[in-house]
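In what follows, every heavy atom counts, from backbone to side chain, and hydrogens, waters and symmetry copies are set aside. In listed order, ligands and their atoms are each counted from 1.
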Amino acid sequence: MADLGNGHGDLRPRTAVLTRGFDPSLSFGSARPAVFRSSTYAFVSPEAAEHAFAITTGKFKPADGERADLIYSRFSHPNAEILEDQIVPLEPGAREAAVFNSGMAAIMTAFFAFAKPDSTIVYTTPLYGGTTGLIHTFLEPFGVRGIAVPSGDAARIDQAIRSARNCCIVYLETPANPTLIMTDIERAAGTALHHPDRPVIMVDNTFLGPSFQHPLLWGADIVLYSATKYLSGFSDMLGGVAITRTSELIRKIRSRRSMFGNILQPDECWMLDGRLPTVALRMNRQSKNAQRIAEALVGHKRLSRVIYPTLFCDPEQKRIFEKQCAYPGGIFSLEFKGGKEAAFEFLRHVRIAKNAVSLGGVETLTCHPRSTTHSGMSAAELAESGVTDGLVRVSAGIEDWRDLLADFEQALAAIG
Ligand SMILES: Cc1ncc(COP(=O)(O)O)c(C=O)c1O
């Protein structure tokens, strides 16, 4: 087979995830990695200890891809290294990854690796509510100006990037949570590349990655994940990942992670590592389920809108979806004609789907973003971004779609 030009030799992602990053001879021949819970690691010599510290503290620049010997588990540990190596091929264009104990930890650490006082971060809105909170509560008081621009509005995004002074980060979440509005990554990245400050381009790829959207191929520098969602897939652990196109970028992120102490713990790394080979299978099924249900609910008398990529009407949104995404994904949103009251009535009546925040698990979840995940947004931000009172977000699981559709239909029928 020819080299696929993806930096990972001739193996396709679904094979590479099962074959790289783990050497059984380092785990007594075990076919699955052992869990290494040690907090500290013995050096072969004092010189090796000195060299490992020189690399870890940035005094000595290692060769591309070279890692320091293990020192102390807040910096890194074997299970993090195995997991990071196995995640890389799932994200085409990636060079390295760093794992964190939540998605917010990954985002926070990436922000603090590149944000400086008196600089600007341009970001699309809406964002996951925790990320908006992080910008307002920590970055702004620290002297970083936040410039919010509506997702998908290419002209305003270009203009905001061009006019940003000391621009350190361009941050995109696409599709946006929970409105699914898509932003053209290639266009925003192209504008950022021409900015004299050359901001770091970050994309939160939690909704469609790693199977259906590959931001590094469109010019992003860093892809961020809440691994709590599709990557782990069973709503039973928290995790986060930052994936970079260069080793230089990951070194900066890992050095902040060493200070903050928010690396993913060995047991969680081992769990997540076992979930990676099935992420594409789960996401395919979830996308098919979501598409069948969303399309079947179009035109229901209780709904003013079903929001799903295959149902986009706006030609620009259609264009971005077709260009940028392989499949529409497992999330859709329903907008109720009866506003919050009808949305709550629906949530009270769903039986198979659970009323819970989060997404990407094998079980179907429904939530009311405006009163939960996005309740921290200001009234102006809510109005501009389309997170309305009547909006319910659905994360489709892997159940039989016909049972889910019947469940949603009976909950819709129960609205007074
Ligand atoms: C798009 C998106 N990004 C980031 C996060 C934060 O991830 P975590 O809850 O793992 O910290 C979430 C959580 O819901 C999310 O939906």
Exercise. Are Arg32 and Trp270 in a cation-pi contact, defined as NZ or CZ under 6.0 Å from the six-membered ring centre and within 45° of the axis?
Worked result: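 Yes, a cation-pi geometry.
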For this session: Dump the intermediate steps for salt bridge (charged side-chain N to carboxylate O under 4.0 Å, His left out) on Glu248 and Arg254, then the final yes or no.
Result: CA-CA 10 Å; Glu248 187 58 34; Arg254 285 200 188 122; over 6 Å; no
For this session: Verify the ring-centre separation between Phe207 and Tyr230: is it less than 6.0 angstrom?
Result: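 No, too far apart.
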Problem set entry | Within the 6.0 Å centroid threshold, strictly below: Tyr171 and Phe111 |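 Yes, close enough.
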Exercise. So, Thr364 versus Glu399: side-chain donor-acceptor pair below 3.5 Å or not?
Worked result: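 Present: a donor and an acceptor within the cut-off.
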Exercise. Should Val203 and Ile222 be marked as a side chain to side chain contact (heavy atoms under 4.5 Å, CB included) after you check the CA-CA gap, both sets of side-chain angles, and the distance that decides it?
Worked result: CA-CA 6 Å; Val203 177; Ile222 300 176; over 6 Å; no
Can you list every pair where an N/O of ligand 1 is under 3.5 Å from an N/O on the protein?
| residue | atom | partner | partner atom | Å |
| --- | --- | --- | --- | --- |
| ligand 1 | 3 (N) | Asp204 | OD2 | 2.6 |
| ligand 1 | 7 (O) | Ser226 | OG | 3.0 |
| ligand 1 | 10 (O) | Gly103 | N | 2.8 |
| ligand 1 | 10 (O) | Ser226 | OG | 2.8 |
| ligand 1 | 10 (O) | Thr228 | OG1 | 2.6 |
| ligand 1 | 11 (O) | Gly103 | N | 3.1 |
| ligand 1 | 11 (O) | Met104 | N | 2.8 |
| ligand 1 | 14 (O) | Lys229 | NZ | 2.7 |
| ligand 1 | 16 (O) | Asn177 | ND2 | 3.2 |

